[in-house]
Participant: 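Can you read through this structure? Questions will come right after.
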Amino acid sequence: MRYHRGVMRVDYHVHTEFSNDCLAPMEEQCRAAIAAGVRQIAFTEHEENNPREFLPFSFDHPAYLQELARCRARYGDRLLIRSGIEISEPHRYTVETARVLRRYPWDFVLGSLHWISADINTGTREFFTAYGDWRASFRAYFREMLNLARYGDFDVLAHMDYPARYCAPYIDGVYDIREYEDEIRAVLRAVIERGKGIEINTASLRMRLPATCPPQCVVDWYRAMGGELLTVGSDAHRSDHVGADIDTALLMARQAGFTRITLYERRRPQQAEIEDARVSVC
Ligand SMILES: [Zn+2]
Ligand SMILES: [Zn+2]
């Protein structure tokens, strides 16, 4: 088990074909991770309970766990694989969330806000016009995220300013997350009080956006407020994205004053030292 220790790359937000919007087999993602120098990975598949979800697909949990076991047997000497799930709106689907979290042995649970309400997806034109203007939509998004942070069952809040990925065609100014500082600080306060964490999600960098999700200033606020639990993830849906820009995320964490990054086992946080854009697990 010597590969479980030492200096390594980690990626705590990766999808496989068990997600509705990903075609990459888990085995391919494992091989890509190893090739990218990733030694610990969490496969965080989409759990969608909204009947209006665009790509109807139900996450086949038993098949996922079976494939995870097969990949652990095959690649376990090079890659530590954590079982994960990315639950959309866990605060709104509490019964379904409790059932799935109780039934299976999850290592890591991401909580996401993809739908601001049961019928408005935050990546659509409808969202950016539903609240008057696009700035009001962002504000409404962060206010709803406070409900997720307060009442949802999750370990880490995923991609905090998710609509930023999709806003470009719908806004007539510059999106600046600092305009929503009050709303975001309220979310961070709830996260810290409940012993939860946030992630630095690097997918937006691949979408040619200027910043990670959330950007540096939010990581700075979180740290200054006493935040300690922080994960890094690529949100890869393709094998050539596994491990992408994780080094950047770790440097950002460091810049904010973090000396450690968080890993999870059976939903318990474990802190790993950040060393030269790698983490050191002991
Ligand atoms: Zn997501
Ligand atoms: Zn994701």
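Ligands are counted one by one from 1 in listed order, and the atoms in each one are counted from 1 as well.
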Participant: Any luck finding a side-chain donor-acceptor pair between Y75 and R31 under 3.5 Å?
Facilitator: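 R31 and Y75 do have a side-chain donor-acceptor pair below 3.5 Å.
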
Participant: Could you check R82, R267, R268 and say which one makes a salt bridge (Lys or Arg N to Asp or Glu O under 4.0 Å) with D155?
Facilitator: R267

Participant: Quick one: report the N, O or S atom of D235 that is nearest to the Zn ion (ligand 2).
Facilitator: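 For D235, the N/O/S atom sitting closest to the Zn ion (ligand 2) is OD1.
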
Participant: At less than 2.8 Å, would any N/O/S atom of E86, backbone or side chain, sit next to the Zn ion (ligand 1)?
Facilitator: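 An N, O or S atom of E86 is closer than 2.8 Å to the Zn ion (ligand 1), so yes.
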
Participant: What's the NE2-the Zn ion (ligand 1)-NE2 angle here (H159, H114), rounded to 10 degrees?
Facilitator: 100°

Participant: At a threshold of 2.8 Å, where the distance has to be below it, does the Zn ion (ligand 1) have an N, O or S atom of H46 nearby?
Facilitator: no

Participant: Is the closest basic N to carboxylate O distance between R70 and E67 below 4.0 Å?
Facilitator: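 Salt bridge: yes.
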
Participant: Within 2.8 Å of the Zn ion (ligand 2), is there any N, O or S atom belonging to H15?
Facilitator: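 A backbone or side-chain N, O or S atom of H15 is under 2.8 Å from the Zn ion (ligand 2).
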
Participant: Do any of the N/O/S atoms of H237, backbone or side chain, fall under 2.8 Å from the Zn ion (ligand 2)?
Facilitator: no

Participant: Before we go on, tell me: are the rings of Y162 and H114 under 6.0 Å apart, centre to centre?
Facilitator: yes

Participant: Go through the side-chain N and O atoms of S117 and D119 and say whether any donor and acceptor fall under 3.5 Å apart.
Facilitator: yes

